[in-house]
Amino acid sequence: MNKKEIVKALETIAIYLELKGENSFKISAYRKAARALEEDLRSMNQIEHVEDLPGIGKGTASVINELLETGQSSLLEELKKEVPTGLIPLLKLPGLGGKKLAKLYEQLNIIDAKSLQKACEENRIQHLPGFGKKSEEKILSVLKDFGKSPDRFPIAMVIPIVADIEQQLASIKEIDRFAVAGSYRRFSETVKDLDFVIATKKPEVAAEKLLKLKHVSDVIANGETKVSVELIYEYPIGVDFRLVEPHAYATALHHFTGSQNHNILMRQLAKKRGEKISEYGIETENGELITFESEEEFFNHFQLHDIPPELRIGEKETERFKEDVDLISIEDIKGDLHMHSTWSDGANTIEEMALAAMEKGYEYIAITDHSQFLKVANGLTPDQIKQQREEIKRLNSSFSNFAILTGVEMDILPDGTLDFDDALLEEIDFVIASIHSSFSQNRDKIMQRLIHALNNVHVDLIAHPTGRLIGRRSGYDVDLDMLIDVAKETKTALELNSNPNRLDLAPKWLEKAQNKGVKLVINTDAHHELMLEHMKYGIATARKGWVKSETVLNTYSIGELRKHLNLD
DNA sequence: GCCGTTTTCGGCCCGACTGTTTTCAGTCG
């Protein structure tokens with residue numbers, strides 16, 4: 001059994017224990033053990049004694065060892081016999097947790113959604129202790145929408161929603177300051193709901209106005225400090241607003257940004273010092289409440305450097321940020337090396353793209369229109385590439401302190417060959433190779449295609465290496481460890497595509513690539529001048545992978561870049 | 001179930017809201 005399967009088994013055990021209404025610390029012990037395994041970089045056969053990992057003790061170690069030896073867990077098998085499988089999806093219903101479901105199973109023999117609905121309709125639930133008429137009505141109503149809308153939303157889908165909410169919040173005059181928090185602020189790939197922290201001296205008035213926001217379809221909670229609503233855009237999405245007094249804004253923002261596990265780490269840290277963290281501030285031993293102007297000051301209080309939201313994952317950040325951590329930031333970016341113009345499927349001319357890039361303070365861009373194979377995107381023929389070079393030459397002569405590199409995003413064809421021959425590629429400043437076809441080929445064939453491209457001396461970059469679209473398609477079957485190794489051998493860079501639908505490569509692989517000495521390029525793949533703005537999403541993703549600016553080619557000055565690409 | 005410079009028992013992050021109670025359990029983040 002491999003690590004992934006063991007982690008899955010431990011998590012499944014935790015779910016079953018939850019459904020039995022077990023002690024919550026016991027449940028989280030199994031989850032902790034699963035996390036401990038996941039975080040350890042070694043594979044199962046490289047770990048000699050699992051018990052040595054923090055968070056794994058006698059009990060969970062014996063489960064792990066049994067899984068390793070027999071491929072089964074007697075505990076899990078036993079639990080499966082005791083607890084009906086149909087209860088598991090019901091844990092996702094809002095308002096129903098393990099304890100309540102355990103009660104429903106024991107008292108009314110409810111084993112799945114169907115029997116739960118029946119019991120509600122027959123009014124058998126309202127008589128149970130701890131339940132009432134309202135609980136019954138609520139369960140019926142959540143059952144109705146069960147499974148209708150997606151579990152989590154891809155980040156790209158909620159970006160415009162957040163912008164819309166922010167715009168409305170800005171117009172409420174009782175709100176002093178506000179910010180989006182939660183997994184959106186941490187820039188997770190997908191988010192379940194949205195959180196906003198609001199500083200106000202008039203919480204009642206502000207709360208009232210929040211209930212009148214556009215798209216509000218339901219009010220989930222309406223308290224003094226928390227307003228929870230459902231908004232309907234394409235799908236219904238939950239939005240929590242937390243109202244705090246202005247002086248508590250920084251600690252509240254930290255608290256509601258999370259992650260949950262990051263907060264636990266911070267609170268454990270505080271506890272060791274005899275202090276207590278809550279959203280309202282830090283309570284010292286003598287009962288004094290300290291608040292802060294900024295999150296940075298809050299972290300400094302614990303002798304930590306400012307931990308950016310993207311890295312608040314609850315793993316090693318409280319250790320690593322004892323020191324100053326060198327991470328890439330948006331100011332380091334000096335150019336963008338993947339974008340399209342009206343020559344293929346872009347919306348703006350080359351000149352417009354260049355002007356927009358200058359506006360952002362860049363030193364250079366590369367124009368990388370599609371190659372001839374990609375007919376749907378109006379891919380360029382060799383002749384057109386040559387004509388385009390003339391236009392770029394003309395434009396360059398009119399610029400001072402800015403350069404356009406000639407480029408192409410060349411298709412790696414289904415048979416593994418490249419769309420242009422070497423003689424043409426030789427003349428192009430920046431050559432990107434990428435896959436846009438035959439996604440369903442097996443791993444061997446996909447790797448054969450990628451490796452052929454990597455081995456071509458003219459290819460400078462592999463774009464969106466996995467082809468994934470977050471929440472929509474998983475991409476083609478790439479052996480990423482092998483891709484990284486071959487990229488290192490051939491001195492080819494790998495792309496971090498900043499388009500929020502892609503974010504490809506993902507942070508874990510960026511970290512691996514950087515550790516192996518592979519260079520990265522963070523590009524927007526803009527098809528419109530406004531999409532040059534997507535760079536910030538790439539930066540956030542890079543920071544999640546602990547990427548340093550020296551790893552990233554488009555932090556180089558134009559001189560350094562030309563030298564690296566052997567253009568002079 | 002895990003853990004230990006308040007150690008082998010008794011804690012385990014902390015608080016808001018709801019719906020049930022009549023002081024609190026369960027759920028959620």
Side-chain angles (χ1 to χ4, degrees), chain A residues 10 13-14 17-18 20-36 50-64 75 90-104 125-139 142 181-186 188 191-197 203 207 219-229 238-244 248 251-252 254-283 285 312 314 318:
Chain A
L10 291 169
I13 290 174
L17 292 175
E18 219 176 328
K20 281 189 70 184
E22 265 281 5
N23 177 312
S24 59
F25 297 109
K26 186 172 171 178
I27 298 167
S28 65
Y30 279 94
R31 298 219 159 97
K32 246 184 220 162
R35 264 224 325 278
V50 282
E51 254 178 289
D52 295 343
L53 293 179
I56 297 181
K58 251 168 93 181
T60 45
S62 77
V63 172
I64 295 168
L75 171 64
L90 299 185
L91 269 175
K92 290 229 169 93
L93 291 173
L96 285 183
K99 296 204 170 142
K100 284 197 166 169
L101 282 172
K103 223 180 247 177
L104 290 171
I125 284 174
Q126 52 178 291
H127 305 298
L128 289 181
F131 292 82
K133 214 168 157 88
K134 273 202 171 174
S135 329
E136 205 171 69
E137 284 164 13
K138 206 182 151 197
I139 293 172
V142 295
S183 52
Y184 183 90
R185 181 161 182 249
R186 300 197 311 276
S188 299
V191 304
K192 187 162 176 284
D193 47 26
L194 296 172
D195 297 278
F196 287 85
V197 175
V219 178
I220 315 296
N222 184 9
E224 281 170 36
T225 63
K226 176 181 166 178
V227 173
S228 212
V229 295
V239 186
D240 284 352
F241 298 98
R242 315 295 299 228
L243 304 152
V244 297
T251 43
H254 174 264
H255 173 87
F256 293 112
T257 297
S259 65
Q260 202 87 256
N261 288 333
H262 168 79
N263 286 353
I264 290 174
L265 283 186
M266 290 304 296
R267 285 166 175 188
Q268 285 167 343
L269 217 67
K271 202 158 191 169
K272 276 190 199 141
R273 300 156 48 110
E275 297 173 341
K276 213 167 86 173
I277 301 177
S278 79
E279 53 263 55
Y280 303 109
I282 298 176
E283 195 183 318
E285 261 174 323
R312 299 183 197 165
T318 50

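Heavy-atom basis, side chains included; hydrogens, waters and symmetry copies ignored. Naming convention: chains lettered A, B, ... in sequence-line order (proteins, then strands); numbering from 1 in each chain.
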Starting at atom [atom1] of [X], determine the distance to atom [atom2] of [N], rounded to an integer number of angstrom.
X	N	atom1	atom2	answer
A:Lys134	B:dT21	NZ	P	13 Å
A:Lys92	B:dT27	NZ	P	17 Å
A:Lys58	B:dG4	NZ	C1'	16 Å
A:Asn261	B:dC12	CG	P	17 Å
A:Glu51	B:dG1	CD	C1'	12 Å
A:Lys20	B:dG26	NZ	C1'	19 Å
A:Ile277	B:dG15	CD1	C1'	14 Å
A:Leu101	B:dT27	CG	P	8 Å

Using a strict 4.0 Å threshold on nitrogen-to-oxygen distance, state whether A:Glu18 and A:Arg31 make a salt bridge.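 Yes, charged N to carboxylate O under 4.0 Å.
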Distance below 4.0 Å between [X] side-chain N/O and [N] OP1 or OP2:
X	N	value
A:Lys133	B:dT20	no
A:Ser228	B:dC17	no
A:Tyr184	B:dG29	no
A:Lys100	B:dG26	no
A:Thr225	B:dG15	no
A:Lys271	B:dC12	yes

Measuring from A:Asn261:CG to A:Arg35:CZ, what's the distance to the nearest 0.5 Å?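 Answer rounded to 0.5 Å: 4.0 Å.
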Give each protein N/O atom lying under 3.5 Å from an N/O atom of nucleotides 22-25 of chain B, with the pair distance.
none

Under the salt bridge (Lys or Arg N to Asp or Glu O under 4.0 Å) test, residues paired with A:Glu136 that sit two or more places apart: none
Using modelled atom types only, decide if a donor and an acceptor are shared between the side chain of A:Arg186 and the backbone of A:Thr257 within a distance under 3.5 Å.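 It does hold such a pair.
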Tell me if a side-chain donor or acceptor on A:Ser259 pairs with a main-chain N or O of A:Arg312 at a distance below 3.5 Å. yes
Just compare [options] and give me whichever is closest to any side-chain atom of [X].
X	options	value
A:Glu279	B:dG29, B:dC17, B:dG15	B:dG15
A:Ser278	B:dG29, B:dG15, B:dA16	B:dG15
A:Lys226	B:dA16, B:dT18, B:dG1	B:dA16

Tell me whether B:dT7 sits syn or anti, counting syn as a glycosidic angle within 90° of 0. syn
NA contact type, [X], heavy-atom cut-off 4.0 Å: base, sugar-phosphate, or nothing?
X	answer
A:Ile27	nothing
A:Ile56	sugar-phosphate
A:Phe256	nothing
A:Lys276	sugar-phosphate
A:Lys138	nothing
A:Pro54	sugar-phosphate
A:Leu93	sugar-phosphate
A:Gly258	nothing

Please figure out whether A:Gly59 or A:Val227 has its closest DNA chain B nucleotide nearer the 5' end. A:Gly59
Judged by nearest nucleotide, the residue sitting upstream toward the 5' end of DNA chain B, A:Glu136 or A:Leu53, is A:Leu53
State the pairing partner of B:dA25; accept Watson-Crick or G-U wobble contacts with both distances under 3.5 Å, and report none otherwise. B:dT18
Could you tell me whether A:His262 and A:His255 have their ring centroids closer than 6.0 angstrom? no
Can you confirm if the NZ or CZ of A:Lys100 lies within 45° of the ring axis of A:Phe131 and under 6.0 Å from the centre of its six-membered ring? yes
Using the P atom in both, what is the distance from B:dC28 to B:dT22, to the nearest Å?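 Nearest-Å result for B:dC28 against B:dT22 at atom P: 24 Å.
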Mind checking the C1' distance from B:dT21 to B:dG26? Whole angstroms is fine.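 To the nearest whole Å, 12 Å.
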Student check: side-chain heavy atoms of A:Ile139 and A:Leu96 closer than 4.5 Å: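 Yes, their side chains come closer than 4.5 Å.
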For A:Asp240, what residues pass the side-chain hydrogen bond (donor to acceptor under 3.5 Å, both in side chains) criterion, not counting sequence neighbours?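 Here the qualifying residues are A:Ser228.
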